[in-house]
Amino acid sequence: MLRHYHEVGLLEPVDVDVDSGYRRYAPEQIVTAQVIRRFRDLDMPLEDIQIVLKAPDVETRNRVIADHVARLESNLAQTQQTVASLRGLLDQPQDTSLAIEHRHVAATPAALITDIVDTAHVVAWFRGATGEVAATLSAQGINPAGPVGGIFDAELLNEGEGRVTIFLPSDPLPQPVGRVSTAIIPSAELAMTVHLGSNTEVDRTYGALAAYVTKHALAVDGPIREYYLVGPSDTPDQSLWQTEVGWPIFQTRLRP
């Protein structure tokens, strides 16, 4: 590691023996070596450590350290969520308590954005598209006629990339602006359930819903739908979020 630190200019020895390649360090470099080791134990990138060691002032050094602490805290929170999810799977491998209903969703005029998105960027894309559609309606003085909805082609789930549509029911329809266009969201027959809480656990809801439609031989080809009854724009408390998930089915019951 000392050789690598020397090569990247992080900790340069005071002398290198030309014959043996042996590196010699001064006693005052011990503290620097210890600092490097502590930061590496905390997974700080070498580039950031170099900035810390060569920072021209305390503010610059502390900013780099604070940014890394924030990343560690974010990673810790994600790890804790993953552990909680795994414990949930051990305690209850499949949620059989979900209330599932069959619902006919009528055709709906809406403002929307559609694009081909991969799973790595779908969350960021969703947030941007949702904000853009809502801002378009607001700028034209139109109140939404229902909650934000999403339509996800099966390819997104199965292949990691597919067509995604974010829509906001609207009557009247706005004038298209930028990426925002208008269309009639087609009617659909769906097996519906409500996912409560953070979206980090939504895969379990999808699993329970998929098991239900498969067991009852109801599944048909078609995109999945989600309706965001309560979400980030309503409250930062993820435990209060409510997302309706709809799986396309062949309806065998008479509609009232």
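All residue numbers refer to positions in the sequence shown, counting from 1. Only a predicted model underlies this, so the values are computations on that prediction, with no experimental measurement involved.
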Nearest heavy-atom neighbours spanning I184 and A107: CG2-CB, 3.9 Å
Non-hydrogen side-chain atoms of I166 and F126 separated by less than 4.5 Å: yes
Linked, directly or transitively: L196 and V230 (ILVMFWY side chains, under 4.5 Å): no
Expected output: side-chain D115 to main-chain V117 donor-acceptor under 3.5 Å: no
Step-by-step side chain to side chain contact (heavy atoms under 4.5 Å, CB included) determination, W247 to I100: CA-CA 10 Å; W247 199 288; I100 298 175; over 6 Å; no
Atom CZ of R163: over 12 foreign heavy atoms under 6.0 Å: no
Check: T193 side chain, A191 main-chain N or O, donor-acceptor pair, under 3.5 Å: no
From N62 atom CG to D57 atom CG, the distance as rounded to the nearest 0.5 Å: 9.0 Å
Within 6.0 Å of CZ in R40, more than 12 heavy atoms from elsewhere: yes
L218 side chain near H102 side chain, heavy-atom distance below 4.5 Å: yes
Joint cluster assignment, V180 & W125, ILVMFWY side-chain distance < 4.5 Å: yes
CG on D48 to CG on L42, rounded to 0.5 Å: 12.5 Å
Sole candidate of L76, N75, V69 that passes side chain to side chain contact (heavy atoms under 4.5 Å, CB included) when paired with E73: V69
Within 6.0 Å of CD in E155, more than 12 heavy atoms from elsewhere: yes
Inter-residue atom distance L168.CG - N143.CG, 0.5 Å rounding: 10.0 Å
Side chain to side chain contact (heavy atoms under 4.5 Å, CB included) assessment of T235 paired with W241: CA-CA 8 Å; T235 174; W241 293 359; 3.9 Å; yes
Candidate list V52, L11, D41, test side chain to side chain contact (heavy atoms under 4.5 Å, CB included), partner I36, passing option: L11
Separation between OG1 of T130 and CZ of F167, rounded to the nearest 0.5 Å: 11.0 Å
Spacing of CZ belonging to R37 relative to CD1 belonging to I49, to within rounding of 0.5 Å: 13.0 Å
Minimum side-chain heavy-atom gap S170-Q140 below 4.5 Å: no
Atom pair CG (D67) and CD1 (I51), whose distance is rounded to the nearest 0.5 Å: 9.5 Å
Student check: side-chain heavy atoms of Y228 and T243 closer than 4.5 Å: yes
Minimum-distance pair of heavy atoms, taken over all atoms of P147 and P169: O-CD, 3.2 Å
Atom CZ of R179: over 12 foreign heavy atoms under 6.0 Å: yes
Connected via hydrophobic side-chain network under 4.5 Å: I151 and I116: no
Minimum side-chain heavy-atom gap L156-T119 below 4.5 Å: yes
Residue pair V213 / I249: nearest heavy atoms and the distance that separates them: CG1-CG2, 3.7 Å
Within-4.5 Å side-chain heavy-atom neighbours: I113 and S181: no
Flag side-chain contact, heavy atom, 4.5 Å: E226 against N199: no
ILVMFWY cluster, L240 and L229 together (side-chain gap under 4.5 Å): no
Criterion side chain to side chain contact (heavy atoms under 4.5 Å, CB included) on V177 and E132, from CA distance to verdict: CA-CA 10 Å; V177 177; E132 194 171 335; over 6 Å; no
Closest non-hydrogen atom pair between V64 and M44, with its separation: O-CE, 4.4 Å
Heavy-atom closest pair, residues I224 and Y206: CG2-OH, 3.3 Å
Evaluation steps, side chain to side chain contact (heavy atoms under 4.5 Å, CB included), between L46 and Q50: CA-CA 6 Å; L46 292 178; Q50 194 164 46; over 6 Å; no
Side-chain heavy atoms of L112 within contact of I185, under 4.5 Å: yes
Shortest non-hydrogen contact between A111 and V133, atoms and distance: O-CG1, 3.8 Å
